[in-house]
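To keep things clear, I will list the structure first and then write my remarks on it.
Heavy-atom basis, side chains included; hydrogens, waters and symmetry copies ignored.
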Amino acid sequence: MDSQENIPVNSPVEETGNQEGMKVEEQAPAALATSEVETKETEPEAPVAEEAPKAGKEENPAEDTTAEEEFLLTDEEEATAEETPAEERHVYTSKAEVLERVKEIAHGEDVPQKDEVDYLKTTFYKLHIAEREAKLKAYIDGGGDPEAYQITPDDAEEAFKAEMGIIKERRQQQFRELEAEKEENLKKKLTIIEKIKAMVTSPEEASKTYQEFKALQQEWREIKAVPAEKANELWRNYQLYVEQFYDLLKLNSEARELDFKKNLEAKTRLCEAAEKLADEADVISAFHQLQKLHQEYREIGPVSKELREEIWQRFKAASTIINKRHQQHFEGLRAREEENLEKKTALCEKVEAIAAEENKGSGDWDRHTQEIIAIQQEWKTIGFAPQKMNVKIFERFRAACDGFFASKAEHFRKLKEAYKENAEKKRALIEKAKALQESTEWRSTSDKLIAMQKEWKTIGMVPKKLGDQLWEEFLGACNKFFEARNAAGAGQRSEERQNLDKKRDVISRMKATAEEAGADVQAKIQSLVEEYNGIGHVPFKEKDKLYEEYHQVLDKLYKDLNISVARRRLNKFKDNLRQVAERGENALDNERARLMRQYEQLKQEAQTYENNLGFLSASSKKGNSLIDEMNRKVEKLKEEIQLVKEKIKAIDAENADKE
């Protein structure tokens, strides 16, 4: 009997569908019970008489034998003892070989053996995982993207699962048939007990029914397993009436003593064998051998009453040593599994913490990826967790890892889309720059290319290799234009140096004029201002310094000569017109349009004040005060309007000079 569904204690734990392979382990039995596996008993040559049981013995049946049942296993537990030693197992080198053996088991006539099925399952998934990891490594070594790798379906795995399903069905059917057989065996053995019980109640017939009694014993031994929960009670009742029958036999004491002596020799041999098991290095093997010794012990007939307890205590003591070693082995195993669970829980928490961290760039993603890969390698070095938690903790770990790598894949997918969009924008700027590289409109084209260079800096990143290539192409187009402009502007720079000298001369004359006196000083200053504004561009590096020096002198002159604020504003505006013109070919037109809007607005505002003046009563003091205030505002608006008109005229004059 080897049914996985009928092994409540030693059932293996398996972890399927994960990267750790399969697990088959034995659990320590919770308690020991009796087994109904029978062995052939050595019978005495002739029936022997035995003392009748003492009064009151029926109230405590099997008084001398029940202690012997304490260390026996159930049939379900004993089934797990019949495992093939590891060194005798066939070594499979391919999944096809494993699958072929599984098919033989699934469709053969032999009963599937649990230990071989578990071994085949473990071997298949070890080979399967190794094969899958080899494919992934080959893909990565070939330059593939780990994030884009897809695990392809495996026909061999699907076929393996299908055949294992057939094996499971066969074992379930076997279990059902075995349970039905056990119930039938129970009925048969109960019938035998009733027959022996009837013999015990007729002591005068004991000698006559001895052969019938021996036949019932033989029939009992030929009947196999019964339900585990009935086994102990059934055995005690059987043993009780067997011993009572022997006690009633009127046989000669010599034959009886011979029977007891043979039984004592057999049980002594079993005690010695059990005591040697204490030196067995393999705790599991020792435990399974002990179960077989117990099965033999229980099938041997009784010994003399004065030796029954002594021989049992010896056998029990040897059994206790083996069972303690067995129990300690599994307690240590459970302790290691709990420790493994703690380690794996800590690794889950680490991965979950990493997955929750913010990744500000590819560097963070790469760093966190390496950390998780290191944690995954550490995970592989840790053994199994307790059965009830092993799959759950792995699912938690896998979910945390999958969540991180899914987020990473999504991040890089979006990043690739952004790279693509940025590359398209930069290519568009390159095309614009190439279209302008042959232009001879130096000022406007320079402004456009400079604007494009600024726009280039606002565009996001692209992959480094492509980014370097695009930048070289863009820079080449820009440089081609600027080199041509610089070659054409060599004479212009000489003119700018001459303009610098001229403006410095004007500033020197302004300083000299400040020391003069007379009514025409203001006119001279105005003439110098106009002369200064009429001079062209100066070198760019000298522009700011010259501008500051000029306005320091001019502001001092205005202050000393008390020139009106409006005149100063107009002169300053005229002085700034060249800077406005440098902003672009439409800058002056835009400024003129702005001033025209301002002119119309001021004009409308002045008209509104003038209209309101007509509604106020001149006889009211309050009215007179308000009228005076409004008149002042109207005059101020008119001055502002005149200044705007002068600015517009200055722009028109500047445009005329350019033409």
Contacts of type side-chain contact (heavy atoms from CB on, under 4.5 Å), residue [X], not counting sequence neighbours:
{"X": "R413", "answer": "E410, E417"}
{"X": "K392", "answer": "M389"}
{"X": "A318", "answer": "A274, E275"}

Yes or no on side chain to side chain contact (heavy atoms under 4.5 Å, CB included) for F287 and F330, after CA distance, side-chain angles and deciding distance? CA-CA 12 Å; F287 178 77; F330 282 99; over 6 Å; no

Between K189 and Y238, is NZ or CZ placed under 6.0 angstrom from the six-membered ring centre and within 45° of the ring axis?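 Judged by the rule, K189 and Y238 form no cation-pi pair.
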
Within the 4.5 Å heavy-atom criterion, are [X] and [Y] side-chain neighbours or not?
{"X": "R396", "Y": "E352", "answer": "yes"}
{"X": "W312", "Y": "R308", "answer": "no"}
{"X": "K230", "Y": "K182", "answer": "no"}
{"X": "D154", "Y": "R132", "answer": "no"}
{"X": "E158", "Y": "P153", "answer": "no"}
{"X": "H294", "Y": "L270", "answer": "no"}
{"X": "E184", "Y": "K188", "answer": "yes"}

Would you say the ring centroid of F404 lies under 6.0 angstrom from that of W365?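 Yes, the ring centres sit under 6.0 Å apart.
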
Main-chain N/O of V283 paired to R325 side chain as donor or acceptor, under 3.5 Å: no

Taking the inter-plane angle between the rings of F245 and F213 on a 0 to 90° scale, is it parallel (under 30°), tilted (30 to 60°) or perpendicular (over 60°)? parallel

Mind checking whether W379 and F394 have parallel, tilted or perpendicular rings, split at 30° and 60°?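 Rings of W379 and F394: tilted, as their planes differ by 30° to 60°.
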
Verify whether one side chain among [X] and [Y] offers a donor that lies under 3.5 Å from an acceptor in the other.
{"X": "E272", "Y": "T268", "value": "no"}
{"X": "Q173", "Y": "E169", "value": "no"}
{"X": "Q295", "Y": "Q291", "value": "no"}

Would you give the length of the straight line joining atom CD1 of I393 to atom CD of E395, rounded to the nearest 0.5 angstrom?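 So the gap between those two atoms works out to 10.0 Å.
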
